[in-house]
Amino acid sequence: MTSLPQGAPPKKLGLVIDLDVCVGCHACVINCKEWNTGGYGAALSDQDPYGADVSGAWLNRIHTFEVVPDGGQLVGEAGDARIVHFPKSCLHCDDAPCVTVCPTGASYKRAEDGIVLVDEDKCIGCGLCAWSCPYGAREMDLAAGVMKKCTLCVDRIYNETFELVDRVPACVRTCPANARHFGDFNDPSSDVSQMVAERGGMDLMPEQGTRPVNKYLPPRPRSVLADAAKTIPSAENTDAANGFFAWLDGVLEKI
Amino acid sequence: MHPALSVIMFTTLSGAGYGLAAMLGLGLLDPASWATKTAHVVALGLISAGLLSSTLHLGNPQRAWRAFSQWRSSWLSREGVLAILTFVPVLLNAINSIFIDIFIASTGLIAAMLSVATVYCTAMIYASLKSVDAWNTRLTPACYILFSLASGAVLASVFASFGAGSYPLLPLLGIFLLGAAWFAKWRWRSRLANGSSLSTPESATGLGHIGSVRLLERPHVNENYLTREMGFQVARKHAAKLATIAYLFGFWVPAALLLASALLFAEALAGSVLLTTLGLVALMAGIVTERWLFFAEAKHAVMNYYGG
Ligand code: SF4
Ligand code: SF4
Ligand code: SF4
């Protein structure tokens, strides 16, 4: 089971994450924890939950980066720096090293849809899979002693008791900015495939050879702030004043 | 990477145990001597202690038996399988010596080969991880195997000095293996010092086409499993000092003591016993330091997301 499935899977389910749109609100992080602490497998525990040193297992985290254009050390020196909010959860890699390193067969990739899961009854909590994942997508649950990771909400997406609109991962359903999308990358007509084709969806760390399924849409080029300044009317310019303000302008001019 | 004490002790102790088992498997010690019999017990004890300590960091050690199942793909599983397989000839060797005073070359050779193969699997757990640049090299298994053989030879020298035979051959072999091990380690460290990282914050975020990427905010204010497990960092100046200590205690001190013992004393003399034992103690301190650095100096690709 630890070996990766051979041949092309019929479906390749995953997420598209739009870095142009994410506002870094952490709503998906909270809903992911909320859904998964009561869903698949052991609850997602927190250690010292009400104390100063709180920490816990999360399947999805948002990092925030500042990108400084080439040639500039300081913000504004060579174009404008941009802030990019960066959601990160398991990318359900096609060549998932976390699956092949697992000594117990607990970590596996499903042949039918490519979802990478942990069978918690087999996991010994050795932590090697977390070491092998370059993305930091796996976190040990310190209370249960088993490895936790994004399940692609496998217990939602196939759940026929849900309305169709809810049969998507919790993070996708909750995102107020619509920055996360779920679908089948094997189907060229799916929303996710089309978005990737249109916007140049990219792999994270392609050099690690993991062939991630999830794709990231790069932020769109930004309009330059300095150009926008010309379109803002100057406070000294009173030409456009009319009515009472035109009269006031005239009176004040004369004094 | 976080230098966990249980893993450092496991690799050091079982490395020495397998090294000693290999020396015994080569028939370098007289099977009838009480010192050799003790050596067999020590080898088995070290291997067992090492394996037990490696289960200490598991979240669910009661399921450890499951780790034997995935030998087709997992080096950790292969290590488990080989560790159990190796027990058989090592135990037979010990029984032959302890109870019937004999050494059987075929059993011995199998024990020696399997011991080296087990250490190779341990090293490959690290060397196969592309996510850790420092480890992802053939030099990693070379270092592990040579350190195991060197500590085995030094350990065997102590028993040889008690009168188990092959003296002063074993101390001299020990010096040679120490030299080989530290040469490999020196190459490993130069690769680490000169090497560039496979991944960068730019490749990790895919934002390199806009400019250089730096972390503005971590996901959470506090540490998490990932930063604790993979975010360990040791200051460069401290690492350099510790490396000097490791070279000193791991090579120069034991090599000098073994050489002095070989040149100045015959076997079964208080002088040779004292010098080889001191050499062994220094070597263990040196290897523990080296093992600590092996983890502490290795940077994980995930830290590209954490500004480290
Ligand atoms: S992102 Fe990490 S945990 Fe997920 S499949 Fe890829 S390597 Fe495995
Ligand atoms: S922590 Fe669990 S899932 Fe991960 S490698 Fe170890 S046994 Fe497999
Ligand atoms: S798909 Fe589900 S488990 Fe994965 S990050 Fe989204 S909410 Fe969390």
Side-chain angles (χ1 to χ4, degrees), chain A residues 1-3 19 29 53-58 61-70 72 79 81-84 86 88 97 99-106 122-128 130-136 139-142 144-146 202-209 216 218-219, chain B residues 1 55 57-64 66-80 125-126 128-132 198-199 201-220 222-226 228-230 300-307:
Chain A
M1 208 175 226
T2 270
S3 302
L19 296 179
V29 176
D53 199 24
V54 53
S55 75
W58 298 77
R61 291 181 185 264
I62 313 294
H63 301 240
T64 300
F65 295 98
E66 181 178 43
V67 193
V68 183
D70 290 334
R82 351 192 4 160
I83 306 298
V84 179
F86 194 94
K88 186 163 57 60
V99 170
T100 50
V101 298
C102 175
T104 62
K122 285 189 186 160
C123 175
I124 54 174
C126 66
L128 187 56
W131 281 13
S132 78
C133 170
Y135 308 103
E139 299 187 17
M140 184 89 78
D141 188 300
L142 294 183
V146 295
M202 53 193 186
D203 287 351
L204 304 184
M205 297 196 213
E207 67 281 3
Q208 292 278 346
Y216 282 72
Chain B
M1 301 293 290
T55 60
H57 79 288
L58 297 181
N60 279 288
Q62 77 284 4
R63 300 182 195 140
R66 287 190 184 275
F68 300 122
S69 64
Q70 303 302 315
W71 48 270
R72 280 188 213 82
S73 72
S74 164
W75 284 105
L76 178 52
S77 185
R78 287 173 197 161
E79 180 205 35
I125 297 172
Y126 306 111
S128 65
L129 296 178
K130 226 176 170 177
S131 49
V132 184
L198 179 62
S199 297
E202 286 73 31
S203 75
T205 56
L207 298 172
H209 63 280
I210 305 178
S212 65
V213 175
R214 62 187 180 212
L215 184 73
L216 189 64
E217 271 182 319
R218 285 184 170 202
H220 292 81
N222 287 339
E223 297 293 312
N224 62 34
Y225 173 72
L226 298 169
R228 277 189 296 254
E229 189 76 358
M230 289 158 228
H300 194 283
V302 73
M303 292 321 287
N304 287 313
Y305 294 109
Y306 282 91

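Throughout, protein chains are lettered first and strands after them, A, B, ... in sequence-line order, and every chain is numbered starting at 1. Quantities reported herein were computed from a predicted structural model and do not represent experimental measurements.
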Between the main-chain N or O of [Y] and the side-chain N or O of [X], is there a donor-acceptor pair closer than 3.5 Å?
{"X": "B/S131", "Y": "A/W131", "answer": "yes"}
{"X": "B/N60", "Y": "A/A144", "answer": "yes"}
{"X": "B/R63", "Y": "A/C123", "answer": "yes"}
{"X": "B/N222", "Y": "A/S55", "answer": "no"}

So which atom in [X] and which in [Y] form the shortest heavy-atom distance, rounded to 0.1 Å?
{"X": "A/P219", "Y": "B/I210", "value": "CG-CD1, 4.0 Å"}
{"X": "A/E139", "Y": "B/L226", "value": "OE2-CD1, 3.7 Å"}
{"X": "B/K130", "Y": "A/E207", "value": "NZ-O, 3.6 Å"}
{"X": "B/A67", "Y": "A/I124", "value": "CB-CD1, 4.1 Å"}
{"X": "B/T205", "Y": "A/M202", "value": "O-CE, 3.7 Å"}
{"X": "A/P103", "Y": "B/L76", "value": "CG-CD2, 3.5 Å"}

At a heavy-atom separation under 4.5 Å, does [X] approach chain A through its side chain, its backbone, both, or neither?
{"X": "B/L129", "answer": "side chain"}
{"X": "B/M1", "answer": "side chain"}
{"X": "B/R78", "answer": "neither"}

Of all of [options], which one pairs up most often with chain A through heavy atoms under 4.5 Å apart?
{"options": "B/R218, B/E223, B/Q62, B/H300", "answer": "B/H300"}
{"options": "B/N304, B/L198, B/V213", "answer": "B/L198"}
{"options": "B/Y225, B/W71, B/F68", "answer": "B/Y225"}

Where does [X] contact chain B at under 4.5 Å (heavy atoms): side chain, backbone, both or neither?
{"X": "A/A57", "value": "neither"}
{"X": "A/V84", "value": "side chain"}
{"X": "A/M140", "value": "both"}
{"X": "A/L204", "value": "both"}

(request) Assess the side chains of A/Q208 and B/S199: does a donor N or O sit below 3.5 Å from an acceptor N or O? (result) yes
(request) Working to the nearest 0.5 Å, report the span between NE2 of A/H63 and NE2 of B/H220. (result) 9.5 Å
(message) Can you tell me how far apart OG1 (A/T100) and CH2 (B/W75) are? Round to the nearest 0.5 Å.
(response) 12.0 Å
(request) Please work out which of the three classes, parallel, tilted or perpendicular, describes the rings of B/Y305 and A/Y135, given edges at 30° and 60°. (result) tilted
(request) For the residue pair A/F65 and B/L216, establish whether any side-chain heavy-atom pair is separated by less than 4.5 Å. (result) no
(request) Kindly determine whether B/N224 and A/W58 satisfy side chain to side chain contact (heavy atoms under 4.5 Å, CB included), including the steps that lead there. (result) CA-CA 9 Å; B/N224 62 34; A/W58 298 77; over 6 Å; no
(message) I'd like to know whether B/L207 forms a side chain to side chain contact (heavy atoms under 4.5 Å, CB included) with A/R82, so could you lay out the CA-CA distance, the side-chain angles of the two residues, the decisive distance to 0.1 Å, and finally the verdict.
(response) CA-CA 10 Å; B/L207 298 172; A/R82 351 192 4 160; over 6 Å; no
(message) I'd like to know which of A/A130, A/P97, A/P218 tops the heavy-atom pair count under 4.5 Å against chain B.
(response) A/A130
